[in-house]
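Structure record follows, encoded as C-alpha cells.
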Protein chains: 4
Amino acid sequence: MKGLNKVMLIGNLGKDPEVQTLEKNIKVAKFSLATTESFKDDKGQIHTLTDWHSIVLWRGLAELAEKYLHKGSTIYIEGKNKTRAFEDKQGIKRYVTEIIGEQVLMLDKKES
Amino acid sequence: MKGLNKVMLIGNLGKDPEVQTLEKNIKVAKFSLATTESFKDDKGQIHTLTDWHSIVLWRGLAELAEKYLHKGSTIYIEGKNKTRAFEDKQGIKRYVTEIIGEQVLMLDKKES
Amino acid sequence: MKGLNKVMLIGNLGKDPEVQTLEKNIKVAKFSLATTESFKDDKGQIHTLTDWHSIVLWRGLAELAEKYLHKGSTIYIEGKNKTRAFEDKQGIKRYVTEIIGEQVLMLDKKES
Amino acid sequence: MKGLNKVMLIGNLGKDPEVQTLEKNIKVAKFSLATTESFKDDKGQIHTLTDWHSIVLWRGLAELAEKYLHKGSTIYIEGKNKTRAFEDKQGIKRYVTEIIGEQVLMLDKKES
DNA sequence: TTTT
DNA sequence: TTTT
C-alpha cells in the first residue's frame with residue numbers, strides 16, 4: 001500500500017444502471033448516485049443539498065447492479081475516485097471523475 | 001444525516017497550494033493531490049499508478065495549507081466529493097469534481 | 001488533527017437502546033449492533049459471521065436513538081473506538097471497547 | 001456484502017510488534033497503537049487525549065510488521081473490529097476487542 | 001504536478 | 001506504551 005484513495009457513499013440511484021458487455025463477457029455498469037445532506041443556515045432553517053456521483057462497476061459488481069439495482073435503490077458503495085480524460089464531440093479534451101466501486105451493499109428492505 | 005459522501009485520501013501535493021482571500025477575509029486554498037497505488041499484473045510484475053485529485057480547503061484549513069503545506073507534502077485528508085458546473089472560455093458548460101476537505105492531517109516527519 | 005480514530009459500521013440493533021438521563025438532562029443511549037459478513041471457505045461454501053459492537057451515543061444522538069431506534073433497526077454509524085477500564089463485581093480491573101457514535105443514519109425504509 | 005465493519009486509524013506503535021509463527025509457517029503480529037486527538041475545553045484550552053488500540057496482523061502483513069515496524073512507527077491501518085472471549089487465569093470469561101488489520105501503510109519518512 |  |  002503506497003497511498004489511500006477511498007470513497008464511501010450512501011445514496012440512491014438516479015436511473016436504472018446502464019450495462020454493457022465487453023469482450024470476454026466482461027460487464028460494466030454505469031449509473032449516477034445521489035447523496036443528500038441536510039444542514040442549517042444562519043437562521044436555523046434546514047436546507048437539503050444533493051450531490052450527484054458517476055459510478056462505474058465492473059464484472060461481478062456490474063452483474064449485481066444489472067440484476068438487483070434500479071432507479072431509486074439505496075446502496076452503500078465503497079471505491080476510489082478516478083479522473084479520466086476523454087474527447088468530446090468537438091475533439092476538445094475534457095475530464096470526468098468517476099467512482100470505481102469495489103464493494104456494494106444494498107440497503108433496501110426486502111419487500112417480501 | 002440523510003446520506004453519506006465521504007472521501008479519504010493519503011498522498012502528496014503536486015505543487016504549492018494556491019491561496020485566495022475572498023470578502024470577509026475568508027481564505028480558499030486549492031491544490032492537486034497525488035495518490036499512488038501499486039498492483040501486480042497477470043505476470044506478477046509490480047506496477048504503480050497515480051491518481052490526481054483536486055482539493056479545495058476553506059477558512060481555517062486554507063490557512064493551515066498556506067502556512068504548512070507545500071509541493072511534496074504528505075497529508076491525510078477527509079472530505080466530500082462535489083461536482084460543479086462552470087463555463088469554459090468558449091462558453092461551453094463543463095464539469096469538475098473537487099474534494100472539499102473537512103479534516104487535514106500532516107504526515108511529514110518534522111525535520112528538526 | 002493529530003491522528004485518526006474512525007469506525008464505520010452498517011448493521012442491526014440487537015435490542016432496544018437503553019437510555020439514561022444524567023445531570024443537566026444529558027442523555028446517553030447504549031445498545032449492541034450486529035454487523036454481518038459473508039465469505040467463502042476453501043470448498044466454495046458460503047458462511048456468515050456476525051460481530052457484535054457496543055455502541056454509545058450522547059446527547060442529541062441519544063435522543064434520536066430513544067425516539068427512532070429499536071431492536072432490529074438498520075443503521076449506519078460513524079464514530080471512534082474507546083477502550084475504558086472498569087471494576088467488575090470482584091473488584092478486578094477489566095476493559096471494554098465501545099464505539100462512541102458521532103454520526104448516525106437510519107437505513108430502514110419508512111413503512112408508510 | 002451484508003454489512004460494514006470498518007476501522008481506520010493513524011497513529012504510533014507503543015512497542016515493537018510481537019510476532020509468533022504458527023503451524024504452516026503462518027505469522028501473527030500483535031502490537032498496540034496510540035491515536036491522539038486534541039480538542040478545546042470550555043475555556044478554549046487545548047487538551048490532548050490518547051486512545052490505545054490492540055492490533056492483530058496476519059500472514060503477509062505480520063511479516064511486513066516484523067520487518068519494518070517498531071516502537072514509534074507511524075502507520076495508517078484499515079481493518080475490522082473483532083471482540084473475542086477468552087478465559088483469564090482465574091478461569092473467568094473475559095472479552096477483548098482487537099482490530100484485525102487488512103491494509104497497512106507506513107507513514108514514516110525514510111531517514112536516508 | 002507528488003512520493004517511494 | 002507512542003507521537004508532536
Side-chain angles (χ1 to χ4, degrees), chain A residues 1-5 81 83-85 93 95, chain B residues 9-18 29-40 46-56 64-65 67-77 96 98-99 101 104-112, chain C residues 1-5 81 83 85 93 95, chain D residues 9-18 29-40 46-56 64-65 67-77 96 98-99 101 103-112:
Chain A
M1 202 182 181
K2 302 195 59 175
L4 179 69
N5 175 3
N81 269 340
T83 299
R84 64 180 174 79
K93 203 173 187 179
Y95 296 90
Chain B
L9 308 172
I10 295 176
N12 303 283
L13 275 75
K15 291 193 180 165
D16 289 349
E18 288 175 22
K30 301 190 178 193
F31 55 87
S32 53
L33 189 79
T35 58
T36 305
E37 187 185 355
S38 58
F39 62 95
K40 285 188 191 167
I46 291 175
H47 293 261
T48 256
L49 190 149
T50 297
D51 287 297
W52 287 97
H53 310 265
S54 299
I55 310 293
V56 180
L64 174 147
K67 273 195 224 157
Y68 300 114
L69 301 184
H70 50 82
K71 180 175 172 170
S73 297
T74 304
I75 61 169
Y76 164 81
I77 181 166
V96 63
E98 295 165 320
I99 289 132
V104 172
L105 177 52
M106 292 180 287
L107 295 172
D108 293 302
K109 269 283 171 302
K110 303 301 167 291
E111 48 266 11
S112 57
Chain C
M1 202 181 180
K2 303 195 56 175
L4 179 68
N5 175 1
N81 269 341
T83 299
K93 203 173 187 180
Y95 296 89
Chain D
L9 308 172
I10 295 175
N12 304 285
L13 276 75
K15 291 194 180 165
D16 290 348
E18 288 176 22
K30 301 192 178 194
F31 55 87
S32 53
L33 190 80
T35 58
T36 306
E37 187 185 358
S38 58
F39 61 95
K40 285 188 190 169
I46 290 174
H47 293 262
T48 255
L49 191 149
T50 296
D51 287 297
W52 287 97
H53 310 265
S54 298
I55 310 292
V56 180
L64 174 148
K67 273 194 223 157
Y68 300 114
L69 302 184
H70 49 82
K71 179 174 173 171
S73 297
T74 304
I75 61 169
Y76 165 81
I77 182 167
V96 63
E98 296 165 319
I99 289 131
Q103 302 279 349
V104 172
L105 176 53
M106 292 181 288
L107 296 171
D108 292 301
K109 270 284 171 299
K110 304 299 168 293
E111 47 267 8
S112 56

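Heavy-atom basis, side chains included; hydrogens, waters and symmetry copies ignored. Just so it is clear: chains get the letters A, B, ... in the order the sequence lines come, proteins before strands, and each one is counted from 1.
Proximity note for D:Lys15 (side chain, C-beta onward) versus F:dT1, E:dT3, F:dT2: the nearest is F:dT1. Counting only heavy atoms from C-beta on, A:Lys2 has its side chain closest to E:dT4 among E:dT2, E:dT4, F:dT2. Minimum atom distance to the side chain of D:Asn12 is reached by F:dT3, of the listed E:dT2, F:dT3, F:dT1. Picking from F:dT2, E:dT1, E:dT2 the nucleotide with the shortest atom distance to the side chain of B:Thr36 gives E:dT2.
In this structure, D:Ile55 places its CD1 atom 16 Å from P of F:dT2, rounding to the nearest Å. The distance from atom CG of B:Asp51 to atom C1' of E:dT2 is 13 Å, rounded to the nearest whole Å. Between D:Asp108 atom CG and F:dT4 atom C1' there is a gap of 13 Å when expressed in whole angstrom units. Rounded to whole Å, the distance from CG on B:Leu13 to P on E:dT3 is 10 Å. Atom-to-atom, OH of D:Tyr76 to C1' of F:dT2 comes out at 19 Å; the value is rounded to the nearest Å. When the P atom of F:dT1 is taken as reference, atom NE2 of D:His70 falls 19 Å away, rounded to whole Å. Between the CD1 atom of D:Ile77 and the C1' atom of F:dT3 there is a distance of 17 Å, rounded to whole Å. Here F:dT2 presents its C1' atom at 14 Å from CG of D:Leu49, a figure rounded to the nearest Å.
For E:dT3, its base never sits under 3.5 Å from the side chain of B:Thr74 at any donor and acceptor pair.
For the pair B:Leu105 and C:Leu4, the tightest heavy-atom approach, listed with the atom from each and the gap, is CD2-N, 4.4 Å. Residues D:Lys71 and D:Gly14 come closest through the heavy atom pair CG-O, 3.6 Å. Of all heavy-atom pairs spanning B:Ile46 and B:Lys40, the tightest one is CG1-CG, 4.0 Å.
Test D:Ser73, D:Pro17, D:Ser54 against D:Phe31 for side-chain contact (heavy atoms from CB on, under 4.5 Å) and you get one pass: D:Pro17.
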### Task
List the steps and the verdict of side-chain contact (heavy atoms from CB on, under 4.5 Å) for D:Leu69 and D:Met106.
CA-CA 8 Å; D:Leu69 302 184; D:Met106 292 181 288; 3.7 Å; yes

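Nucleic acid contact for B:Thr50: base, since at least one base atom lies under 4.0 Å from a heavy atom of the residue. Contacts of D:Gly11 with the nucleic acid, taken as non-hydrogen atoms under 4.0 Å apart, are absent.
In terms of position along DNA chain F, the nucleotide closest to D:Gly14 lies nearer the 5' end than the nucleotide closest to the other residue of the pair D:Gly14 and D:Thr48.
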